[in-house]
**Student:** 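Let me give you the structure first, and then I'll get to my questions.
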Protein chains: 2
Amino acid sequence: MATSTPRSAEAGPVTADAARDAWGLIWKLFLEDKPRRFAILSELGLSMQQAMALGHLEPGTPVPMSALAEAMHCDNSNITGIVDRLEAAGLAERRPGERDRRVKAVILTPKGEKTKVEVQRRAGSPPPRLAAMPLEDALALREILARAVGLNR
Amino acid sequence: MATSTPRSAEAGPVTADAARDAWGLIWKLFLEDKPRRFAILSELGLSMQQAMALGHLEPGTPVPMSALAEAMHCDNSNITGIVDRLEAAGLAERRPGERDRRVKAVILTPKGEKTKVEVQRRAGSPPPRLAAMPLEDALALREILARAVGLNR
DNA sequence: TATTGTTATACTCTATAACTATA
DNA sequence: TATAGTTATAGAGTATAACAATA
């Protein structure tokens, strides 16, 4: 039985159930969208992790390997390989740190900058189910997610 | 130029932008939640794909390898390895098909059934950001996603 | 001939641990 | 000593192609 007086600002069992269901639907959306993601990245010649690395690099801003590892929630030793492959593809370059010569920073090449834009445009597009939403749903969805994810950090 | 009369049931540019933003926020939620997922599955001794395979198996219902591959949107040859490891962990078993002896079906062991429940309970729990949502947001989120994902197939 | 699952192959991603070069 | 990045290692996931058994 749900609590009889669920106040709206409180995370009670009803909220937990709704949030759990919502999370399940998000997973379903993700799984269902897998082939589309694969096709897009395949055309761009990128792996998922390479695309994510591009997403964390801003044009003209060198990012230390360790910062990239932290942003991607993976081990330092992973980033070595991922950046190796970005470098081999001509999308990024390593440059030695200026103040501390232990750090190596990654920076986008011009080709990498173009590819990043393309990734954002294509791989960033929502799956058909979301793109087809009625306007009011799309607006509400964005607002709710922004409230949950964005500001209250 | 955007149409001057965007009706609500129509997917115009405004909807597309909102949907794109929402999709980006969902990705952010996913990435941010990666360490938590990792920790949970790690405690259960499962990989992501193994957990997903368990999610597609129902107690007492044998599922052909190829059906599992289709459900997980990956190649048949992948499933061989994933089921090998589930089998090695004592969570699932292969049984030969009855009508067509080419097919092999996967079925949960009793231990697999218990593990599946645990996976659903723990790995299915929403990330803190969603669990902390106000009730009205959680309900609205579920409803919008259900509309988008669930019924209109 | 066609299909189901496996095997062989090659590659990416993954963490851990050992190593290097700096600091 | 401590830290940043690499290398070594081992293992999981991935697709493709070739193969076996069965249809």
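Sequence lines set the chain letters: A, B, ... in the order given, protein chains first and strands last, and positions in each chain run from 1.
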**Student:** Under the 3.5 angstrom rule, does the side chain of R20(B) hit a backbone N or O of R121(A) as a donor-acceptor pair?
**Tutor:** yes

**Student:** Would R94(A) and V83(A) count as a side chain to side chain contact (heavy atoms under 4.5 Å, CB included) here? Give the steps.
**Tutor:** CA-CA 8 Å; R94(A) 267 175 255 238; V83(A) 171; 3.7 Å; yes

**Student:** Between atom CD1 in I82(B) and atom C1' in dA15(D), what is the gap in whole Å?
**Tutor:** 13 Å

**Student:** What nucleotide among dG5(C), dG5(D), dC13(C) has an atom nearest to a side-chain atom of S66(A)?
**Tutor:** dG5(D)

**Student:** At 4.0 Å (heavy atoms only), tell me whether S77(B) reaches a base, stays on the sugar-phosphate, or touches nothing.
**Tutor:** base

**Student:** Tell me the closest heavy-atom pair linking S66(B) and N76(B), and the distance in Å.
**Tutor:** CA-OD1, 3.4 Å

**Student:** Between dT4(C) atom P and L68(B) atom CG, what is the distance in whole Å?
**Tutor:** 15 Å

**Student:** What's the NZ-P distance between K104(A) and dA4(D), to the nearest Å?
**Tutor:** 14 Å

**Student:** I want to verify a distance call: between dG5(D), dT12(C), dT14(D), whose nearest atom is closest to the K34(A) side chain?
**Tutor:** dT14(D)

**Student:** Locate the shortest heavy-atom distance separating L57(A) from K116(A); write the atom from each residue and the value.
**Tutor:** O-NZ, 2.9 Å

**Student:** Give the rounded distance in Å between these two atoms: CG of L41(A) and P of dC13(C).
**Tutor:** 11 Å

**Student:** Report the distance from atom CD of Q50(B) to atom P of dG11(D), rounded to the nearest whole Å.
**Tutor:** 14 Å

**Student:** How many Å lie between CE on M48(B) and P on dC13(C), as a whole number?
**Tutor:** 18 Å

**Student:** Can you tell me how far P of dG11(D) sits from CG of D84(B), to the nearest Å?
**Tutor:** 15 Å

**Student:** May I ask you to evaluate whether S47(B) reaches the phosphate of dG13(D), defined as a side-chain N or O under 4.0 Å from OP1 or OP2?
**Tutor:** yes

**Student:** Send over the distance from F38(A) CZ to dG13(D) P, rounded to a whole Å.
**Tutor:** 17 Å

**Student:** Can you tell which of dT6(C), dA12(D), dT14(D) lies closest to the side chain of C74(B)?
**Tutor:** dT14(D)

**Student:** So which protein nitrogen or oxygen atoms get under 3.5 Å of nucleotides 20-23 of chain D's nitrogens or oxygens?
**Tutor:**
| unit_1 | atom_1 | unit_2 | atom_2 | d |
| --- | --- | --- | --- | --- |
| dA23(D) | OP1 | R101(B) | N | 3.0 |

**Student:** Taking only side-chain N and O atoms of N76(B), does any of them lie within less than 4.0 angstrom of OP1 or OP2 on dT6(C)?
**Tutor:** no

**Student:** At under 4.0 Å, does any side-chain N or O of R94(B) touch on OP1 or OP2 of dT6(C)?
**Tutor:** yes

**Student:** Could you check whether the rings of F30(B) and W27(B) sit parallel, tilted or perpendicular, using 30° and 60° as the cut-offs?
**Tutor:** tilted

**Student:** Do T80(B) and dT7(C) have a side chain to base donor-acceptor pair shorter than 3.5 Å?
**Tutor:** no

**Student:** Taking everything shown except R36(B) itself, do over 12 heavy atoms lie less than 6.0 Å from its CZ?
**Tutor:** yes

**Student:** For D21(B) and R142(A), which heavy atoms make the closest approach, and how far apart are they?
**Tutor:** OD2-NH1, 2.6 Å

